[in-house]
> 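Please find one structure pasted underneath; my questions will follow.
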Amino acid sequence: MSDLTARTLRLITFCLASPFVFAAPQDLRAVQDAVANWLDVQLAPTPGASYRLGEIDNRLRLDGCLQLDLQLPQGYRLVGKTMVRVRCIEGARWAVNYPVTVSILATYYVAARPLASGRTLQMGDLAPQQGDLAQLPGSVILDPAMAVGRVLNSAVSQGGALRGEMLRAATSVRQNQRVRVVFHLDGLEVTNEGVALNNAAVGEVVRVRVGNNQIVSGVALENGRVQASQ
């Protein structure tokens with residue numbers, strides 16, 4: 001056998017044995033299908049969710065991949081215009097961001113009538129509305145229980161979306177109000193009366209004067225009660 005023939009045979013053997021030589025390029029349609037399947041799974045628990053796939057440049061040339069890994073890039077949410085990160089983790093080494101648009105049709109709440117600043121919201125002040133969360137602020141009220149009983153920080157016109165940052169807890173204890181202070185000592189509950197030294201909403205810290213000008217701090221509860229700090 002001549003040297004040329006032997007070298008040719010070795011080259012053919014190497015080409016057949018190598019998984020990278022003559023490997024077919026990645027089918028971009030397969031990448032698209034993988035993104036669609038991933039979105040189907042991720043959005044299945046979310047009522048009213050749908051999506052629209054974007055496109056990646058069809059001139060893009062990627063090496064054939066045996067296994068893909070899909071996830072959201074850091075800082076992205078699965079709503080509105082977003083990206084799905086597609087990485088090849090077996091057979092090649094590449095990563096692309098695939099553009100998608102996710103819509104989530106949901107019920108949110110708006111002002112049923114013009115509402116003044118300082119108003120404590122009642123259920124009748126709220127009206128349900130349907131909309132795409134991708135087109136709304138992320139803090140819109142989706143559960144009326146998150147608004148009823150809370151106080152508006154600013155006026156809202158009729159039909160205006162109610163948002164979490166517009167609301168604060170209602171004042172439970174007011175300055176100079178007589179309150180009942182609750183102490184827990186060794187499994188026993190002891191109560192005493194005192195005078196609140198500041199306004200406080202439920203869950204906020206309030207200072208109370210009890211007895212002979214003793215000052216204690218505690219957490220405001222409902223109905224003018226204060227849970228004294230240990």
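The figures that follow rest on heavy atoms only: side chains count, while hydrogens, waters and symmetry mates do not. Keep in mind it's a predicted model, so treat the numbers as computed, not measured.
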> Can Asn97 and Arg85 be counted as having a side-chain donor-acceptor contact under 3.5 angstrom?
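Yes - a donor-acceptor pair under 3.5 Å links their side chains.
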> Can you tell me how far apart CD (Gln26) and CG (Leu60) are? Round to the nearest 0.5 Å.
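CG of Leu60 is found 10.0 Å from CD of Gln26.
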> Hydrophobic clustering (ILVMFWY, side-chain heavy atoms < 4.5 Å, transitive) - are Val216 and Val205 grouped together?
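Shared cluster, no.
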> Please list all pairs passing the disulfide bond (SG atoms under 2.5 Å apart) test where one or both residues lie in residues 49-149, with sequence neighbours left out.
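Disulfide bond (SG atoms under 2.5 Å apart) check on residues 49-149 returns Cys65-Cys88.
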> When you measure from the side chain of Asp132 to the backbone of Ile104, do you find a donor-acceptor pair of N or O atoms at a distance under 3.5 Å?
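Yes, the answer is positive, given that a donor and an acceptor are paired below the 3.5 Å cut-off.
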> Looking only at non-hydrogen atoms, find the nearest pair between Arg150 and Ala169 and report the distance.
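Scanning both residues, the minimum pair turns out to be NH2-N, 3.5 Å.
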> Go through the steps to decide whether Leu197 and Arg209 satisfy the test side-chain contact (heavy atoms from CB on, under 4.5 Å), and finish with yes or no.
CA-CA 7 Å; Leu197 300 181; Arg209 180 185 292 112; 3.6 Å; yes
> Give the intermediate values and the outcome of side chain to side chain donor-acceptor pair (under 3.5 Å) for residues Gln71 and Asp69.
CA-CA 7 Å; Gln71 56 188 278; Asp69 174 73; 2.7 Å; yes
> Looking at CD of Gln67 and CZ of Arg87, how far apart are the two atoms once the value is rounded to the nearest 0.5 Å?
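Atom-to-atom, Gln67:CD and Arg87:CZ are 10.0 Å apart.
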> Step through the shown structure and confirm whether more than 12 heavy atoms of other residues, nucleotides or ligands are within 6.0 Å of CD on Glu189.
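More than 12 within 6.0 Å, yes.
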> Could you report the tightest heavy-atom contact between Leu43 and Ser50, atom names first, then the distance?
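The answer is CD1-O, 4.4 Å.
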> So does Gly211 get a backbone contact from the side chain of Gln214, meaning a donor-acceptor N/O pair under 3.5 Å?
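Not at all, since once roles are kept as given, no pair shorter than 3.5 Å links the two residues.
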> Please evaluate residues Leu162 and Leu126 with respect to the criterion side-chain contact (heavy atoms from CB on, under 4.5 Å), reporting the C-alpha separation (whole Å), side-chain torsions for both, the decisive distance (0.1 Å), and the verdict.
CA-CA 9 Å; Leu162 295 168; Leu126 280 61; 3.8 Å; yes
> May I ask you to test the Leu142-Leu133 pair for a side-chain heavy-atom distance under 4.5 Å?
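Touching, per the 4.5 Å side-chain cut-off.
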> Measuring only between side-chain heavy atoms, which start at C-beta, is Leu121 closer than 4.5 Å to Leu152?
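Yes, their side chains come closer than 4.5 Å.
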> Check whether Val173 and Phe183 end up in the same hydrophobic cluster, where Ile, Leu, Val, Met, Phe, Trp and Tyr are linked by side-chain heavy atoms less than 4.5 Å apart.
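Same cluster: Val173 reaches Phe183 through Ile, Leu, Val, Met, Phe, Trp or Tyr contacts under 4.5 Å.
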> Give the cluster check for Val84 versus Val96: same hydrophobic cluster or not, with ILVMFWY residues linked at side-chain heavy-atom distances below 4.5 Å.
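In one cluster with Val84: Val96, yes.
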> For the CZ atom of Arg163 and the CG atom of Asn153, what is their distance to the nearest 0.5 Å?
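CG of Asn153 is found 11.0 Å from CZ of Arg163.
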> Kindly say whether Arg174 contributes a backbone atom to a donor-acceptor pair with the side chain of Gln177 at under 3.5 angstrom?
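Pair found, side chain donor or acceptor close to backbone of Arg174.
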> Between Arg29 and Asp27 (salt bridge meaning N to carboxylate O under 4.0 Å), is one present in this structure?
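Answer for the salt bridge query: no.
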> So, the side chain of Asp125 versus the backbone of Leu115: is there a donor-acceptor pair under 3.5 Å, distance only?
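Not a single qualifying donor-acceptor pair exists.
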> Check whether any side-chain heavy atom of Thr82 lies under 4.5 Å from a side-chain heavy atom of Val100, and answer yes or no.
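Thr82 vs Val100: side chains touch.
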> Does atom CD of Glu55 have more than 12 heavy-atom neighbours, drawn from other residues, nucleotides or ligands, at distances under 6.0 Å?
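12 or below, so no.
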> Does any donor atom in the side chain of Asp40 or Tyr51 lie under 3.5 Å from an acceptor atom in the other side chain?
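Result is yes, a qualifying pair exists.
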> For Val202 and Ser172, which heavy atoms make the closest approach, and how far apart are they?
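In terms of heavy atoms, the two residues are closest at CG2-CB, 3.7 Å.
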> To the nearest 0.5 Å, how far apart are OG1 in Thr171 and CG in Asn198?
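Separation between the atoms: 10.5 Å.
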> Can you check side-chain contact (heavy atoms from CB on, under 4.5 Å) on Glu193 and Val210, steps first, answer last?
CA-CA 6 Å; Glu193 287 193 347; Val210 295; over 6 Å; no
> What's the spacing between Met123 CE and Tyr109 OH if we round to 0.5 Å?
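Answer for the CE-OH pair, Met123 versus Tyr109, is 5.0 Å.
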> Take Val195 and Val179, measure what side-chain contact (heavy atoms from CB on, under 4.5 Å) needs, and give me the verdict at the end.
CA-CA 6 Å; Val195 177; Val179 297; over 6 Å; no
> Taking the side chain from Tyr98 and the backbone from Gly54, do they hold a donor-acceptor pair closer than 3.5 Å?
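Between the backbone of Gly54 and the side chain of Tyr98 there is a qualifying donor-acceptor contact (under 3.5 Å).
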> Within the distance-only criterion (no hydrogens, no angle test), does the side chain of Arg168 pair as donor or acceptor with the backbone N or O of Glu165 below 3.5 angstrom?
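No, Arg168 side chain to Glu165 backbone: no donor-acceptor pair under 3.5 Å.
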> Closest approach of Ile141 and Ala147, non-hydrogen atoms and distance?
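Smallest heavy-atom distance, with atoms named: CG2-CB, 4.2 Å.
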> Minimum heavy-atom separation for Val206 and Ala200, please, with both atom names.
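It is CB-CB, 3.9 Å.
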> Do you know which two heavy atoms are closest between Ala36 and Leu53, and how far apart they sit?
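Taking every non-hydrogen atom into account, CB-CD1, 4.0 Å.
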> When clusters are formed by joining ILVMFWY residues with side-chain heavy atoms under 4.5 Å apart, either directly or through shared neighbours, do Ile56 and Val35 land in the same one?
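Same cluster: Ile56 reaches Val35 through Ile, Leu, Val, Met, Phe, Trp or Tyr contacts under 4.5 Å.
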> Using the rule that two of Ile, Leu, Val, Met, Phe, Trp, Tyr join whenever any of their side-chain heavy atoms come within less than 4.5 Å, decide whether Val140 and Met166 are in one cluster.
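Hydrophobic grouping puts Val140 apart from Met166.
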> Suppose the criterion is disulfide bond (SG atoms under 2.5 Å apart): which pairs have a residue in residues 112-206, not counting sequence neighbours?
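Pairs touching residues 112-206 that pass the test: none.
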> Backbone N or O of Asp33 within a donor-acceptor pair of the Asn37 side chain at under 3.5 Å?
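Yes, because the side chain of Asn37 sits within donor-acceptor range (under 3.5 Å) of the backbone of Asp33.
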> When you measure from the side chain of Thr107 to the backbone of Gln129, do you find a donor-acceptor pair of N or O atoms at a distance under 3.5 Å?
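Pair absent, no side-chain N/O of Thr107 close to backbone of Gln129.
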> Roughly how far apart are Arg180 CZ and Thr191 OG1, rounded to 0.5 Å?
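Atom-to-atom, Arg180:CZ and Thr191:OG1 are 4.5 Å apart.
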> Taking the side chain as every heavy atom from C-beta outward, state whether Val208 and Ile215 have any pair of such atoms under 4.5 Å apart.
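A side-chain contact under 4.5 Å is absent here.
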